[in-house]
Amino acid sequence: MKRLPILSLLLWVCAVFYVGIYLFVGGFLLVRLEVNRTSTCGDVLLPGGEQRDFCHAKPRFRRAVLLIIDALRYDFARFDPSNTRPRPYENKLPVLQEIMSLRPSHSRLYPFRADPPTTTMQRIKGFTTGSLPTFIDVGNNFASSAILEDNIVHQLGQMGKRVVFMGDDTWENLFPKKFYRSLPFPSFNVKDLHTVDNGILQHLYSTMVGDEWDFLVAHFLGVDHCGHRFGPDHPAMADKLTQMDGVIRSVIDRLQNDTLLVVMGDHGMTDTGDHGGESQKETDAAIFLYSPSPLFPGPPAQDEPDVVPQTDLVPTLSLLLGVPIPYSSVGQVLLPLFPPHQLTEDAVTGLSQLEALWINAKQVNRFLETYSSMAKDIPPESLSKLQAEFTRLSSHYIATVQEAAGTSPQRMAAVQAYLTSVRDTCRATWARFNPLKMATGLVILGFACLLCVILSELSCVLVMELRLLKAPVVAALSLGVFVAAGQLLSQGHIEVAWCLAAIAFVSELLFLWSTCRARVSAVAVNGSKVHKRACWFGWLTPRHLLVPPLLVPLLRCASLLSDSYVIAEGRVVTFLVFSLGLYIPIHLNWDGLLLPPSHDTLKPVGVQPSPVLSPSAVRRESTTLLGCLGLLVFSLYLSLSFHGCREEQGSCQPSPFLSPLSRLQDSQLKNLHYVLSLASLGLWTYLLRYWLRHYGNLNSSGGTVFTARWILPTLCICLGLHWAVSATPEDSFRNLAELISLAQLALPRAAFCLLGLGLFLLWLDPLTVFVKARAAATSRGSSLPLPCYRASTGISPQAELHHLIPQIYQRMRRSLEDGDPIGGAEEDGRPAVEAYGLGTVYSAPLLLFCGLLGIGLLLLHPEGMALSFLLLLLEMGALLHIHASSMTLNCLNGVVSGGFNVPWTPIVLWSLAATQFFHATGHLPTFPSIQWGAAFVGFPDGHTGTILPASLVTLNTFSSHILFAVGCPLLLFWPLVCEVRGGRGGRTGGEEGEDAVMEMRLRENPLQFSSALLQLSTRYLFIQGAQVFASVCAAAILRRHLMVWKVFAPKLMFEASGFLVSSGFLLVGVSLVMRVDVAVGRWFKRLLPDASR
Amino acid sequence: MWDHEIRAMASSHAIIASSVLMATVLPAVAVQDFSVYGTHLLWLYLVAGTVSLVNIAVFWLLGIGPPTKKHTLGSKLSRMVRSCLYLLLSCLFFHSVVVLYGAPLIESALETFSLAVLLTSLTTLRCLCVLGPNVQAWIRVFSRHGAMSVWDTSLQITVVCTVVGAWVGALPIPLDWDRPWQVWPISCSLGSVIGFLTGLVAAPTWIHYHRKQLTYKCK
C-alpha cells in the first residue's frame, strides 16, 4: 500500500481547494476602509468664514449618563396599560411611561433601529463611531480589537471630559486606556445573568452621586444573557426587566439639571432570544431620552421621527455635549432635541436646529470627500450627485444666514434628505469586492473540482505512478518564489494571496498535463490506442453525467444558487437523499438484480450463465437492502423534526429538542427528555459494542479494545451525569450548589480527557486482533479445502459466537512467503493459528473512532440532540448496508465490479447525509444560529483565550461533517465486512475459502486498495468541493442580490468552513486506515517468526 | 414489426390524452368558477376519474389484459376484489411516500391523499389493466428485460414519466415566487398529469423508432 504518496496527493488537493477558498473570500469579504482621521474643535466651520470654536462655548449639557441595556427590544420598553395579561417581557418597565406622561417635554421613547449585523461588538462600534461596521467584523466578536476610527469616547477624552465606564468588558477591549475610570466585568459567559449587572449596581449610584465623571456609560448584559439562556418568554426575563426598571428609577432620582440620560438597547432579539441577523425584532431596540431640564420644545409632535437610526446617536450626543462629531460618522442629528429657532444670544440652549444640521452636513461631506479620495468604491455618479447637492445646500444656507431670515422647514428637510442619502449610499457601497481575486479563486476552485474527478476516474492508473505529483508541485513552488521575488522587486512587498494563487494554479495545470500524458501512455501500453480519446472524454458526455447519482449532486449545487432553496436547505437535502435512496433498489430492479430470476422456462434459455447465483442469497440480500432502505427512510423522516428555524421561515417552530433541558419548566417533560436522551446514548454505545463483539474485535487486550470496553461506557456515564447536573434548576438543592458547580466543571472535563485518552490509545494500538494458537491440525496440504468456521472452545463462552477466521493467517503467510525468497519453510506440522477479528481489522478501529468522536461531539450539543445522533448512527449503518447489499447483489449476479471501487451513489448519499444531519442537529447556515453554548461545556466561567472556545464551537457546528468525513473509508470496507454474511449462506463447494477473507482481501491487493482509497477520498472531496464551488458561484453571481448578506454570504462561509473541517477529518480517517495498515503489517511480521519457530 | 399494435396504442393514447384535456376544459361549462388552480381538488378528481374510466374502457375494448386461465364468475369476482384492494393499497402507498418526501403529515392530509389518488389512477390502474392484480408481474415489468409486449413497454414509459413528473413538480415548491400553482399539491399533480401526457405521446413514438430493436420473449 502506498501510504505517503496518497496522503500527500490528498493533502495537495485539499491545499488547492483552500487556496481557492482563501482567494475568493479575500476578494469577496473586504473590510470597509477605516478613515483614521479625527475631528478637532478647529475644523467645525460655520458658513461665511465665521469661525466659532464651539468647543469652548458652553454646551447644552455638561454631563450625560448612557445606560445601555443589552438587547432591550422596543416592545420590552413600551407600556400598554390595557394589556391585562402581559407576557414575561411586556409591561415590565413602567417607569418610562410614567415619566413620559408626567413630564412630556422632558422625555421621549423611540424605536432605535440598529444596522445589521446585530451583534454587540458591532453595535458598540456602530453607535460610538456613527459609522456602519461591515460584515467581516462579525468574526471579531471573540477577540474585539481596539477601535481605531474616530469615536465619541475619543472626542470626549480630547475635550478633557472624564468618561467613566462600567459593565460589559467588550468596551474595555474596544477602548483600551480611553476611560477615566473603568469597571469591566466578564461578558462572554452567557449563562451568567447577574455578574455584570450586580457589578455595575455596586458602583453606579456611588459614582453618580460623586463628581468624578462627565460621561457615564453603564452597559447591562442581564437581559441579553437571559434571552440567550431562557428566551424572552420566561419568568427570568420578567425579573430582569423589573430589576432594570428599578435601576432606571434610581438613576433618574440622582440626575441633576445639567445631565442628560439616555437609556437604550444596542439591538433586539428574536423570539428565541438570539440576535445577529436583520429581522425587525433583532434590529429594533428602544431609546429613551430624559433630562430633568426641559429637553424638547413641547409634548410629542406629529413631525417627529418614527424610528431613530442607531447612527444618529453619535452626532446628537456630540453636539449636545459640545464636542466635535467623530470624523467618520454618517448619522444625522436628532432634530427634536434642538431648539427650533436661532437664539445665538442664549448660550444655554446651545445650537439651533439649523446650525446643528449644518455642522452635521459639513462633517458628513468632509468625511465623504476624504473617503472617496482614499477608496474608489463609492460609485462616482452618486458621489458627484451628492457633491452637487451639498454645494447647492451650502449656497442656500449662506444666503439664509446672511439675510438672517428665519429657518424654513423646506431647507431643513433638504439638508436632512442629503444626510439620509449619504447614509444610504454608504450602506449600499460598503460591500466592496475585488473581482480579480474572486475570479481567480473561482477558477482555482473549478480546476480543483475537475482535478478531483480526474483523480477519481484515473485512480488505478495514477496509483502506479504516484511520483507524478512531485514535478508539478516543485515547479509551482519555484514559480511561487519567483512571483514573490518579482513582487518584492517591483512593489516592495509581497502579497501572499497572489503567490499562493500562482502556486496552486500552476501546480493544477502541470498536474493535469502530466496525468494526461500518463493516461495516454497507459492506454498506449494497453494497446487500445483507438479509444484514447473516447476513454479520456468518455465520462464527460451528457449520457454519463445525467445519471441520477450525478444528477442529484448537480441539483444540490444548483439549489445553492437560489435563496429560497438555501433557506429550505434542510428539507431540500432530505428530499434529495430520499430520492437517491429510492433510486438504488429501482435501478437494481431495472437491471434485474433485485430478485432472483424465476426458475421456470426462462432458465434453460440461459443467455448469461450465472456462476455464483443462489436464489436464497439474492433474496436475503434484497431483504437486507429493502430493510435498510426502510431504516434510512425512517431516520430521514424523523431527522426532519430536529431542525431549527431561520428567521426567513415565517411559520416555523424550532424543534423542542433544541433547547437545553435547563430551559424546560415542566419537570415531567424534562424527565421524559432526559430519559430519551439517555436511552439513545445507551443505544449508541450498545450498538457499537455489539458490532465489535459480533465481529470478534473485543477479545484481545490492546489499547483499542480497552477503549471499547472501558472508556466508551465511562464516557457515556460521564455524559449522562453531566446532563443530569446541568439540567438541575439553580435554586433547588441550595446546599449542594457547590457540589453542582464542581460537577459542572469536572464532568465534561473528565469526558474530554477520557475522549482524548481513548483516541490516543486507538491511534497507538489500533489492532483488534486476538490470536489463539490451536493444536496442530495435521492436514495442511494446500490442495485441501480448509475448514472455514470452527467454533473454538476454551477461550470464553463469548468467543463461541464470534467469527473465527482461521485460515487468514495461512493465506497471509503463504502470500508473505511467496514474496519472501528467504522463508521457504515447510508448511506441514505447523500449529494452526486462529485470529479473531482479523476480518474487520480496518473497520473496527475506524468505527470505534467515529463512535467515540460522536459521543464527544454530543457533549457539545443540547441534550435532546442525542436522539438525532442516534439517528445519524442508524442512517450511517443503513447507508453502509444498502451499499454493501447492492455491491453483493451486483457480485452475486456475476456483474464484474472493478476491484474495491466505491460507486458514486453511496458517496453522494454519504456526503448529502452530512449536510442533512448538519440541519438535523439543529444547525443552520446563519450566524445567529451558532450554538455558542458549546464553548462553555466544561468551562462554565468562560475562557481566557479565543482558540479553545472557537474550536469547541467549530466542532459543535460541523459535528455531522466530522463524523461522516471520518467514517468515509467505511464505505470501502463495508462490502467486505458484509461479504461473510453473504458467503456463509451461499456457500458452495470450494468457495468458502474465498468468502471468509473479508478485509484481508485488501492486504492481498495493496495496489487496488490504494487506488480504491484514493478514489473514494477524491470522490468525497469532489462532492464537498462542488458544493463549495456552487456556493462560491452563488456569492459571486448574486453579489448585489438583496439576500447576499443574509443568505448567500453566510452560506458561503459555512460551506467553506464545512469543507475545511470535512477535508481535515477525511484526512484523519484516511491516515487512521493507513495507521492500521502499518500495524497489520507489523503484526504479520511478528507472527511469522513466531509461527515458524 | 408491431405496426398494428403501435397504431392501436397511438390512437388509444390519443383518446386518453383528449379525455384528460376534456376533463380540464369541459367542466367550466357546468361548474361556476371552475379552474385548475381555484377548484384544484375537483379538477384532480375529475381527471383521475376520467382517466380511470377511459383507461378501463380502452383496454377492455382492445382486449389487452393479463391472460386468465379461469373464466368463472368466482374468479372474476375475486380478481375484481383484489384489484380494488390493490388500488386502495396503492393510494395508501403513494400517500405515505409523499408524506415521507416531506408533505405535511396532518395539515393537508386531504390534498396529499388526493394526489395519491391521482397518481394511483395514472399508474397503478394502468398496471392493473395490463398485468392484472399480480405484484410479481409489476415488479418484473420494471426491469430492463421485463417487458413482454409493446404494451408493457408503453406501461414502463408512461409510469416512469408520471412519477418523474410528480417528482419534478415538487421542485419549485420552496421558491418564493408566490404563484398560485406553487400551492401544495397543485404543482405535483400538474407535474404528474403533464408527465403522464408526455408519456402517452412518448411511448408510441419511442416504440415506433425502436421497433427494429425490440424483441420480446414470449410469455
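A quick note: this is a predicted structure, and the numbers were derived from the prediction, not measured. Every chain is numbered from 1, with letters handed out A, B, ... down the list of sequences.
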B:Leu110 atom CG, neighbour heavy-atom count above 12 within 6.0 Å: yes

Residues, nucleotides or ligands: over 12 heavy atoms within 6.0 Å of B:Phe93 CZ: no

Side chain to side chain contact (heavy atoms under 4.5 Å, CB included) evaluation trace for A:Val633 with B:Val97: CA-CA 10 Å; A:Val633 168; B:Val97 166; over 6 Å; no

Leading residue by heavy atom contact count with chain A [cutoff under 4.5 Å; candidates B:Val99, B:Val141, B:Ile173]: B:Val99

Test item: side-chain donor near acceptor, B:Tyr101 and A:Ser579, under 3.5 Å: yes

B:Ser143-A:Asn589 side chain donor-acceptor pair, cut-off 3.5 Å: no

Side chain / backbone / both / neither for [X] at chain B, heavy atoms under 4.5 Å:
{"X": "A:Leu636", "value": "neither"}
{"X": "A:Ser562", "value": "side chain"}
{"X": "A:Ile567", "value": "neither"}

Test side chain to side chain contact (heavy atoms under 4.5 Å, CB included) applied to B:Gln156 and A:Trp590, step by step: CA-CA 11 Å; B:Gln156 282 177 355; A:Trp590 177 251; 3.9 Å; yes

Check: B:Trp167 ring centre within less than 6.0 Å of A:Phe578 ring centre: no

Side chain A:Arg571, main chain B:Gly102, donor-acceptor under 3.5 Å: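 Here the side-chain-to-backbone pair exists.
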
Side chain to side chain contact (heavy atoms under 4.5 Å, CB included) assessment of B:Leu171 paired with A:Tyr565: CA-CA 10 Å; B:Leu171 296 185; A:Tyr565 285 116; 4.2 Å; yes

CG-OG distance between B:Leu175 and A:Ser559, expressed to the nearest 0.5 angstrom: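 The CG atom of B:Leu175 sits 10.5 Å away from the OG atom of A:Ser559.
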
Shortest non-hydrogen contact between A:Ser564 and B:Pro174, atoms and distance: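 Here A:Ser564 and B:Pro174 meet closest at CB-O, 3.3 Å.
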
Qualifying residue, where the test is side chain to side chain contact (heavy atoms under 4.5 Å, CB included) with B:Leu100 and the options are A:Tyr637, A:Phe634, A:Phe575: A:Tyr637

